[in-house]
Amino acid sequence: MTTTVGAAVRPALVPWPYAVALDDTTTVLDPGRVVIEAEDALRDAREWLEGELARLPRQSGGHADEPPPLRVVLLIGEAPHDVPPASGVAPDEIAQDERHTVTITPGEVTVTGACPRAVLRGAATLVQLAECSNGRLPTGRIADGPGLAWRGLMLDVVRHPFRLEEIRRVIDLLTRYKLNVLHLHLTDTEGWRLQSASRPRLNATSPGELITWRDLDALAAFAAARGVTIVPEIDLPGHCLAAVRAYPQLTDGGAAARLGYVDPSVPGAEAFLEETVTEFARASRGRFVHVGGDEPFGMPHEAYARAVGATVRAAHGAGRRVVAWQETVRTGALGRGDVLQLWIGAETSIDADAKKAELPEAAHPFVDQMVALFALAPSDGPAAAAAGLPVLVSSSDVLYLDRPYAEAAGDAEGEARRARLGFRDYPAKTLREMFDWTPQSLVAGLDVRIAGVEAAIWSETIEDFDDLAFLLLPRLPGAAERAWTRERTRWEDHRARLDPHAEVWQATGWGAAFRPATRGERPSPTIAPAPGTVTAPGAPSSLMNAEAGT
């Protein structure tokens, strides 16, 4: 990686590019005086760039002596030879070479990429340069490309039923920071968001507007135009209380119904697994569908293995590869081409006695089941290595963004949100701590192939879109930089480059982003757990309170 910048140049680019050679000479980008030239294949990139530039303030006053308009040329051409290709697993049927070059000379900008998506990534670089430097672009060359082919965000749209328009806003945020996967968590104990034709009673369980197949297809098209692939998740065989309530015959009753898992030994249950997974697989535009598989508390291993096997076979039968949470490696069901998502962080621990002290005796078996299942987590990485499964790195230690902030917020409204938001069994962490990792450090000692990096945001505490903004920003750009940038950038440098982006968030509807009151590391005590919370640290979504036993 190379960086050569003039004395006055410090571009506020996030993620940081692979090779930067800029000088002190500048050229003006006035959004009212830009001429964009692009071939038909680059229509999406051109339209996205036009929309982003239209938001920026005018730089000129319309005088007769103004310089000519800035010419912006978007081209499909060769990938920059000085940038290595990405490693990992691509989310698309055909892997996209996202390497690109941005060349800025007085009066002209040329963005060249190996494919339309690469050109779009270069256009995002141009937009960041313009909006964070008052429209005065440094001249020179930026050559860039991602370190990892899969760079994603998992969004829980069940526990808080984000509207379609809000999901589109999330997709735009991913495009800004060169993330390329939106993993939609669409089913859980609280409801079933994606329309089901095979099991229509599931549709009545949706906690918000039902997402139809047509809706999902439109979202996928919107995302594809912005370089993002949607991976839908159906979470089976656990986290199924909504399904069990709609179809009580899916379990044998008793503990199974309380825990909400589908028992494959019950007549018709295995057909339910296969039919619903097939629906999700066919609704996916990409080559992957996520079949869940996490936290099968109380489920006998034989039943769990049989259920996971049924979901994986159904996805493969529908022509899709599988992504699944890490517990599924214990079943041996995943095959060649599938991806295992490692989420249980090394810091995960459960104080069983303390948990039981908070709960009625009837709920104590849940605690024992959590302890037993999480005790197996250290063996999941080695099992993935032995099976030859690539791993998607999603460690709850640093990539679960529904973690409380350790720093105090800069205003009373932010402090009120900080006291309310975040999964309370996660110890609060500073922004620096959430940035202090690399994909390789999270799988240290494991002989695994890294498929990519995926952050996750679970919505148990979220009440509105501003709450989402508060939890995602400024931490999501840090995760994006770790997935994109091969160099291990320093926190101080990243923070300095990210600071100007706060004004952009304000202008684009993300103004509720967290703003720390101080640059100190821990000015306030860790937030205490909310009363009644009985969840396992590191768990994606297990809100096990006293109500779970009813």
Side-chain angles (χ1 to χ4, degrees), residues 154-167 183-220 230-264 266-284 289-297 299 307 310-311 314-315 318 458-465 540-545 547-550:
M154 193 290 310
L155 177 65
D156 171 10
V157 298
V158 179
R159 291 174 183 81
H160 181 80
F162 293 101
R163 302 189 306 274
L164 297 174
E165 179 273 332
E166 293 172 330
I167 297 172
H183 164 182
L184 288 179
H185 183 78
L186 289 160
T187 76
D188 212 296
T189 288
E190 290 79 3
W192 198 280
R193 284 295 304 279
L194 185 64
Q195 178 186 28
S196 176
S198 68
R199 305 288 169 155
R201 291 211 297 268
L202 293 172
N203 299 334
T205 71
S206 178
E209 62 177 329
L210 187 68
I211 298 176
T212 68
W213 287 24
R214 180 176 295 181
D215 292 334
L216 186 62
D217 196 55
L219 273 178
I230 289 181
V231 175
E233 180 190 350
I234 177 172
D235 199 357
L236 296 169
H239 288 285
C240 284
L241 190 55
V244 168
R245 285 172 173 163
Y247 294 95
Q249 66 271 28
L250 293 176
T251 77
D252 62 357
R258 294 199 303 273
L259 286 170
Y261 66 73
V262 175
D263 183 349
V266 172
E270 194 160 340
F272 172 89
L273 296 171
E274 293 169 350
E275 291 168 10
T276 53
V277 168
T278 297
E279 283 188 324
F280 266 69
R282 290 175 176 167
S284 174
V289 64
H290 202 300
V291 298
D294 61 303
E295 299 182 334
F297 297 131
M299 193 172 187
T311 64
W458 301 95
S459 303
E460 288 94 341
T461 63
I462 290 175
E463 297 177 2
D464 56 28
F465 189 83
S541 46
S542 54
L543 279 181
M544 297 229 173
N545 52 35
E547 186 181 357
T550 62

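The structure displayed is predicted, hence computed values, not measured ones.
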Just how far is it from atom CZ of Arg282 to atom CH2 of Trp213, taken to the nearest 0.5 Å? 7.0 Å

Atom pair CE (Met154) and CD (Glu233), whose distance is rounded to the nearest 0.5 Å: 7.0 Å

Under 4.5 Å between any side-chain heavy atoms of Val158 and Ser459, yes or no? no

Are the side chain of Asp217 and the backbone of Ala283 linked by a donor-acceptor contact shorter than 3.5 Å? no

Does some side-chain heavy atom of Asp294 sit less than 4.5 Å from a side-chain heavy atom of Asp235? yes

Between His239 and Asp188, do the side chains contain a donor N or O and an acceptor N or O under 3.5 Å apart? yes

Quick one: are Arg159 and His185 in side-chain contact, heavy atoms under 4.5 Å? yes

So Val291 and Leu236, do their side chains get closer than 4.5 Å, heavy atoms only? no

More than 12 heavy atoms of other residues, nucleotides or ligands under 6.0 Å from CZ of Arg201: is that the case? yes

Rounded at 0.5 Å granularity, tell me how far CG in Leu219 sits from CD1 in Ile230. 5.0 Å

Check whether any side-chain heavy atom of Pro232 sits under 4.5 Å from a side-chain heavy atom of Arg193, and report yes or no. no

So do Glu209 and Leu164 actually touch side chain to side chain, heavy atoms under 4.5 Å? yes

In Å and rounded to the nearest 0.5 Å, what is the CG to CZ distance from Asp215 to Arg163? 13.5 Å

Interatomic distance, His183 atom NE2 to Leu155 atom CG [nearest 0.5 angstrom]: 9.5 Å

Does a side-chain heavy-atom distance below 4.5 Å link Pro207 with Glu190? no

Kindly assign one of parallel, tilted or perpendicular to the pair Trp192 and Phe280, based on the angle between their ring planes and the thresholds 30° and 60°. perpendicular

Is any side-chain heavy atom of Leu216 less than 4.5 Å from a side-chain heavy atom of Leu184? yes

Distance, nearest 0.5 Å, that separates CG of Leu202 from SG of Cys240: 9.5 Å

